There are 2 protein chains.
Amino acid sequence: MADTKTRILDSAEVLFAERGVEATSLRAVTTNAESNLAAVHYHFGSKEALIAAVVGRRLRPVNEERLRELKKLNEKSSKPASLEELLEAYFKPAISTLDNSEQGSLLAKMMSRLFWESGGETRQLIVEQFSEVWEGFIRALRKALPELSTRQVISRFHFGIGVLIHALSQRGYEEDPKMPSILEKDPERQLAVLVAFVAAGFRAQVPERKK
Amino acid sequence: MADTKTRILDSAEVLFAERGVEATSLRAVTTNAESNLAAVHYHFGSKEALIAAVVGRRLRPVNEERLRELKKLNEKSSKPASLEELLEAYFKPAISTLDNSEQGSLLAKMMSRLFWESGGETRQLIVEQFSEVWEGFIRALRKALPELSTRQVISRFHFGIGVLIHALSQRGYEEDPKMPSILEKDPERQLAVLVAFVAAGFRAQVPERKK
DNA sequence: GTCTATAATGAGATAGAC
DNA sequence: GTCTATCTCATTATAGAC
């Protein structure tokens with residue numbers, strides 16, 4: 001059996017994803033981890049700090065891989081990276097990490113929840129985790145799409161993030177007949193579909209004025 | 001001053017959006033509404049019921065307008081409605097309602113939060129509110145895009161919903177330099193940009209197999 | 001490091017006067 | 001319909017034994 005700290009992290013991750021962060025009590029976390037309330041405070045200090053640890057453990061490797069992929073693209077040749085390459089570099093780490101983890105869809109839901117649920121301190125955490133990655137990708141996307149204004153690039157990049165988050169977080173609801181599954185089963189196809197959709201959106205022409 | 005019931009709804013809407021539903025206590029709601037705890041239980045019965053009332057009050061008119069617009073498109077001519085017309089019918093009620101309400105961005109955030117935060121009962125509420133609308137739009141979208149499979153239409157429709165939710169919910173963070181504003185100021189342009197992005201995504205060709 | 005026991009707080013809900 | 005006061009319960013956090 002893993003050590004107490006890890007068991008608490010694992011347990012918290014599952015429960016945060018299933019019920020949401022606010023709705024999950026530390027008691028539920030520790031019971032599930034076959035530990036006790038005091039252990040959380042010994043290892044993490046507070047519930048807020050536990051949340052940060054749970055998020056950081058999963059998000060850090062994803063964003064590190066994104067930066068590595070981006071660096072590879074930037075150094076690869078004198079030509080700027082293409083739109084599709086950049087989107088793939090951004091989406092792939094998220095999709096593959098989620099597939100390799102035993103938690104699977106739960107993790108995706110936890111991340112998307114965190115994105116919205118966070119008020120105040122937790123939001124700060126998210127912004128910090130992402131700011132370097134976003135800056136890097138937006139800079140590269142501007143080079144790939146010189147015909148778009150910076151503002152348009154940022155806007156459409158966020159549209160793409162919205163697609164990713166929504167798609168990932170709807171996993172696990174496949175059983176519901178009212179909410180048919182969104183993503184393909186095969187991770188390679190998932191990635192291809194997402195990249196194709198968002199890339200086409202990036203290249204869309206917006207009509208000048210409404211008729 | 002509005003009656004107590006309305007003041008409670010207004011207050012709850014603002015606080016739910018700012019802090020999240022779980023994190024908002026009924027005490028905070030009633031203090032803000034210059035009322036008291038008992039009034040919530042008199043008018044609504046429970047916190048869960050209050051949540052449902054807050055959501056329903058805003059969501060119902062939006063979804064009713066969507067269904068009206070869809071009906072208009074279906075009856076307009078013998079030709080099936082175009083992709084752009086359908087997307088506009090879906091997006092416009094959300095954008096214009098949000099602009100007309102004095103709460104503005106708070107309301108958008110409340111909706112997007114609800115979409116994710118909801119575990120169990122509250123999720124049920126969301127699915128019920130949306131199922132008729134989604135069914136109608138997916139049926140119409142299939143006619144507009146006969147070259148796509150039903151599964152692809154559903155998947156891409158949800159991608160579009162992801163874009164809408166994400167875009168709307170990021171309103172109000174404009175002050176943060178790390179998170180530049182996503183949407184145009186002008187609602188007409190917002191709509192045009194969203195429709196163009198999602199329509200292009202719908203029409204994207206997905207490469208058959210990865211190289 | 002781990003645990004039991006308990007403190008301190010805040011939550012949703014309710015009774016009953018007005 | 002509205003309000004104060006209170007009930008009951010669950011939460012985070014901590015003290016202190018081992």
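We name chains A, B, ... by the order of the sequence lines, and we start the count at 1 in each one. These numbers were taken from a predicted model, which means no experiment stands behind them.
- The nucleotide whose nearest atom lies closest to any side-chain atom of B:H43 is, among D:dC3, D:dT2, C:dA13, D:dT2.
- Residues satisfying the ring pair (Phe, Tyr, Trp, His ring centres under 6.0 Å) test with A:F137, not counting sequence neighbours, are A:Y90.
- Every residue meeting the side-chain contact (heavy atoms from CB on, under 4.5 Å) condition with A:A81, not counting sequence neighbours, appears here in chain and number order: A:L73, A:E85, A:L86.
- When the side chain to side chain donor-acceptor pair (under 3.5 Å) test is applied to A:R142, the partners found at least two apart in sequence or on another chain are A:T150.
- Not counting sequence neighbours, A:E34 has no partner by the side chain to side chain donor-acceptor pair (under 3.5 Å) test.
- A salt bridge does not link A:K92 to A:E69: none of the charged side-chain nitrogens sits closer than 4.0 Å to a carboxylate oxygen.
- Residue B:Y42 places its side chain closer to D:dT2 than to any other of D:dA13, C:dT2, D:dT2.
- Phosphate proximity of D:dT2 to B:H41: absent, as no side-chain N or O sits under 4.0 Å from OP1 or OP2.
- The side-chain contact (heavy atoms from CB on, under 4.5 Å) search around A:N63 returns A:L59, A:R66, A:Q129, A:F130, A:V133, not counting sequence neighbours.
- When the side chain to side chain donor-acceptor pair (under 3.5 Å) test is applied to B:S149, the partners found at least two apart in sequence or on another chain are B:Q152.
- Residues passing the ring pair (Phe, Tyr, Trp, His ring centres under 6.0 Å) test with A:F197, sequence neighbours excluded: B:F159.
- With sequence neighbours left out, the side chain to side chain donor-acceptor pair (under 3.5 Å) criterion links A:T6 to A:D3.
- Between A:S35 and C:dT2, a side-chain N or O to OP1/OP2 separation shorter than 4.0 Å is absent.
- You'll find that the side chain of A:N36 is closest to C:dC3, out of D:dT2, C:dG1, C:dC3.
- In this structure, the CD atom of B:E48 is 14 Å from the C1' atom of C:dA13, given to the nearest Å.
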Using a cut-off of under 3.5 Å, enumerate the N/O to N/O pairs linking the protein to nucleotides 9-11 of chain D.
unit_1, atom_1, unit_2, atom_2, d
D:dT11, OP1, A:S25, OG, 3.3

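- In this model, the phosphate group of C:dG1 is not approached by any side-chain N or O of A:T4 to a distance below 4.0 Å at OP1 or OP2.
- C:dA11 atom P lies 14 Å from atom CD1 of B:I51, rounded to whole Å.
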Is there any protein nitrogen or oxygen under 3.5 Å from a nitrogen or oxygen in nucleotides 16-18 of chain C, and what are the pairs?
none

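- Partners of B:K71 according to the salt bridge (charged side-chain N to carboxylate O under 4.0 Å, His left out) rule, which considers only residues two or more places apart in sequence or in another chain, do not exist here.
- Bending across the helix from C:dG1-D:dC18 to C:dC18-D:dG1, expressed as the angle between its end axes from five pairs apiece, amounts to 0° (10° rounding).
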